[in-house]
Amino acid sequence: MTMNPNQAQDVWKDAGEHVQFTVLELKREDQAKEQAAIEEFVDRYQAIIRSLRIRDNKGNLKASLGFSNAAWDYLFPNAPKPKELETYETISGDKYSMPATKGDIFLHIRANDEAVVYEMISQCMLFLKDYTTVVDETKGFRYFEGRAIIGFIDGTEAPQVEDAADYAIVGDEGPFFENGSYAFAQKWRHHMDIWNKLTTEDQEKAVGRKKFSDLELKDQEKFKNAHNVASQAKINGVEQKIVRMNVPYSDPASGITGTYFIGYSRHWTVTKKMLENMVEKHDYLLSFSDILSGQLFFIPSRPLLDKIADGELSK
């Protein structure tokens, strides 16, 4: 086998217009029954996607389904496991921390039309609701010009679409899991009143880029803990990249506004290093944000989903 992005789930392009992240926890009441239910769901899941793409051929539906380490052990105890799949544990520093939260099943759905997102999740839950409880459900959206809710272009540091697959999906280092991906999901809430009191110049120093043009500042012009400095990860002196599809979410009348961070990576160790650096270097974004959740999931390739649906991983 060789890496084939066409066999991956939608982990390497298109953040979408209307977005929903859903995290579920298995009830763990009857293992055999829940294994069978997940097999049926995985089979139906792919059929639901095909159906909705026909029903709304301009909807640009994209979807990713993943499982946590604990879910993998419960659902597929005798099957091989992705090499870097682990249970995410809270990353703590002297000032900030990135908490770990529960979650077994992860759904990341996006489309041009909110109706398509609604229908996709609604149909999925027909098969999941009796066996899971909802841990979190977050609706995201594309902000002006693809900007983060803090006003800066998001994802500039991510690889170009043409190169993204190599950073997002597993290669021949894990043949059974090739074309899968490690997804880290993290929900941030921002205190926008604090951020909005900063001058544009200070905001730029905090992010490390110009707000309007998106041009990167010179190193001496940035704060030492600027986001694009603190979030860098280097291995053997080489800067590493992941594919980010972050989106804002908000209940604006209530003043609840934040960012749902989703990073897809060929190697979880790269994303983990970025998170550790952000905590260690006191990333400026942490100074006006609360992190509400964090969990790691593995997103199987579509052929591996077929194996799950056929019961091959539950034997």
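Fair warning: this is a prediction, and the values are worked out from it, not measured in the lab.
In terms of heavy-atom proximity, G103 sits nearest to V135 at CA-CG2, 4.5 Å. Across V170 and S181, no two heavy atoms sit closer than the pair CG2-N, 4.4 Å. Of all non-hydrogen atoms in G66 and P300, the two that sit nearest each other are CA-CD, 4.4 Å. Closest approach of S265 to V270, counting heavy atoms only: OG-CB, 4.1 Å. Closest heavy-atom contact between T271 and F184: CG2-CB, 4.0 Å. When every heavy atom of S250 is checked against every heavy atom of T257, the shortest pair comes out as OG-OG1, 2.8 Å.
No donor-acceptor pair under 3.5 Å is formed between the side chain of E145 and the backbone N or O of I153. The backbone N or O of G294 lies less than 3.5 Å from a partner atom in the side chain of T101, making a donor-acceptor pair. A donor-acceptor pair under 3.5 Å is formed between the side chain of N277 and the backbone N or O of Q232. Side-chain atoms of E34 come within 3.5 Å of backbone atoms of R28 as a donor-acceptor pair (strictly under, hydrogens ignored). The closest donor-acceptor contact from the side chain of R53 to the backbone of L61 lies under 3.5 Å.
Here the straight-line distance linking atom CD1 of I49 with atom CG of L65 works out to 8.0 Å at 0.5 Å rounding. Interatomic distance, CG of D73 versus OG1 of T87, reported as 7.0 Å (0.5 Å rounding). The distance from atom OH of Y143 to atom CD1 of I149, rounded to the nearest 0.5 Å, is 5.0 Å. Rounded to the nearest 0.5 angstrom, F223 CZ and N228 CG are separated by 12.5 Å. Remark: E204 CD to F212 CZ distance equals 11.5 Å, nearest 0.5 Å. Here N4 contributes atom CG and I169 contributes atom CD1; the two are 7.5 Å apart, rounded to the nearest 0.5 Å.
In this structure, the ring of F288 has its center less than 6.0 angstrom from the ring center of H190. Close placement of the F67 and F76 rings is indicated, their centers lying within 6.0 Å of each other.
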Taking only distance into account, with no hydrogens and no angle test, what donor-acceptor pairs under 3.5 Å do side-chain atoms of residues 108-117 form with protein atoms, sequence neighbours excluded?
{"from": "H108", "atom 1": "ND1", "to": "R110", "atom 2": "NH1", "distance (Å)": "3.4"}
{"from": "H108", "atom 1": "ND1", "to": "Y264", "atom 2": "OH", "distance (Å)": "2.7"}
{"from": "R110", "atom 1": "NE", "to": "D14", "atom 2": "O", "distance (Å)": "3.0"}
{"from": "R110", "atom 1": "NH1", "to": "D10", "atom 2": "O", "distance (Å)": "3.2"}
{"from": "R110", "atom 1": "NH2", "to": "D10", "atom 2": "O", "distance (Å)": "2.6"}
{"from": "R110", "atom 1": "NH2", "to": "K13", "atom 2": "O", "distance (Å)": "3.4"}
{"from": "N112", "atom 1": "ND2", "to": "K58", "atom 2": "O", "distance (Å)": "3.1"}
{"from": "D113", "atom 1": "OD1", "to": "A115", "atom 2": "N", "distance (Å)": "2.8"}
{"from": "E114", "atom 1": "OE2", "to": "K139", "atom 2": "NZ", "distance (Å)": "3.0"}

Give the table of side-chain donor-acceptor pairs shorter than 3.5 Å for residues 89-98, with sequence neighbours excluded, one pair per line with atom names and distance.
{"from": "T90", "atom 1": "OG1", "to": "A100", "atom 2": "N", "distance (Å)": "2.9"}
{"from": "D94", "atom 1": "OD1", "to": "H282", "atom 2": "NE2", "distance (Å)": "2.7"}

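A cation-pi arrangement, defined by a distance under 6.0 Å to the six-membered ring centre and an angle within 45 degrees of its axis, is absent between R209 and F152. Relative to the ring axis of Y249, K187 places its NZ or CZ within 45° and under 6.0 Å from the centre.
Heavy-atom contacts from other residues, nucleotides or ligands closer than 6.0 Å to NZ of K210 number 12 or fewer. The environment of NZ in K33 is sparse: at most 12 heavy-atom neighbours from other residues, nucleotides or ligands sit within 6.0 Å. For K211, the NZ atom counts as densely surrounded, since its 6.0 Å shell holds more than 12 non-hydrogen atoms of other residues, nucleotides or ligands. Heavy-atom contacts from other residues, nucleotides or ligands closer than 6.0 Å to CZ of R147 number more than 12.
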Using the side-chain contact (heavy atoms from CB on, under 4.5 Å) rule, take Y182 and L85 through it: C-alpha gap first, then chi angles, then the decisive distance, then the call. CA-CA 8 Å; Y182 294 93; L85 182 59; 4.2 Å; yes

Would you check, one step at a time, whether the test side-chain contact (heavy atoms from CB on, under 4.5 Å) holds for Y45 with F127? CA-CA 9 Å; Y45 164 79; F127 301 94; over 6 Å; no

Using side-chain contact (heavy atoms from CB on, under 4.5 Å), reason through H267 and K272 one step at a time and then give a plain yes or no. CA-CA 9 Å; H267 298 287; K272 188 176 183 179; over 6 Å; no

Applying side-chain hydrogen bond (donor to acceptor under 3.5 Å, both in side chains), run through K273 and Q240 and close with a yes or a no. CA-CA 10 Å; K273 181 63 175 174; Q240 306 296 305; over 6 Å; no

If you apply the rule side-chain contact (heavy atoms from CB on, under 4.5 Å), what do you find for N179 with M3, and how did you get there? CA-CA 6 Å; N179 301 311; M3 182 188 290; 3.6 Å; yes

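Using a 4.5 Å heavy-atom threshold, the side chains of Q7 and L304 count as separate. Proximity of K27 to T133: side-chain heavy atoms (C-beta onward) are separated by under 4.5 Å at one or more points. Considering only heavy atoms from C-beta on, V19 stays 4.5 Å or farther from Y260 through its side chain. Looking at heavy atoms from C-beta onward, D290 lies in side-chain contact with H191 at the 4.5 angstrom threshold. In this structure, the side chains of E173 and R266 come closer than 4.5 Å at one or more pairs of heavy atoms. Between D104 and Y74 there is no side-chain heavy-atom pair separated by less than 4.5 Å. You'll find the side chain of E178 reaches within 4.5 Å of the side chain of D172, heavy atoms only. At least one side-chain heavy atom of L75 sits less than 4.5 Å from a side-chain heavy atom of L26.
In summary, of the residues considered (T269, N69, L296), a side chain to side chain contact (heavy atoms under 4.5 Å, CB included) with E84 occurs for T269 alone.
Listed by chain and number, the residues in a side chain to side chain contact (heavy atoms under 4.5 Å, CB included) with S122 are Y118 (sequence neighbours excluded).
Using modelled atom types, one finds no donor on one side chain facing an acceptor on the other under 3.5 Å when comparing S293 with Q295. Side-chain contact of Q46 with D306: a donor-acceptor pair under 3.5 Å is present, judged by distance alone.
I38 and Y131 end up in different hydrophobic clusters when Ile, Leu, Val, Met, Phe, Trp and Tyr side chains are linked at under 4.5 Å. Note on L198: it does not cluster hydrophobically with L217, by side-chain heavy-atom contacts below 4.5 Å among ILVMFWY residues. Using a 4.5 Å cut-off between side-chain heavy atoms of Ile, Leu, Val, Met, Phe, Trp and Tyr, with links allowed through other members, I235 and V229 fall into different hydrophobic clusters. In the hydrophobic clustering of this structure, I194 groups with L286; members are Ile, Leu, Val, Met, Phe, Trp, Tyr whose side-chain heavy atoms approach within less than 4.5 Å, directly or through other members. Using a 4.5 Å cut-off between side-chain heavy atoms of Ile, Leu, Val, Met, Phe, Trp and Tyr, with links allowed through other members, M120 and I54 fall into different hydrophobic clusters.
Ring geometry for W72 versus F298: interplanar angle over 60°, hence perpendicular rather than tilted (30 to 60°).
The pair E119-R55 meets the salt-bridge criterion, with a side-chain N (NZ, NE, NH1 or NH2) lying under 4.0 Å from an Asp/Glu carboxylate O.
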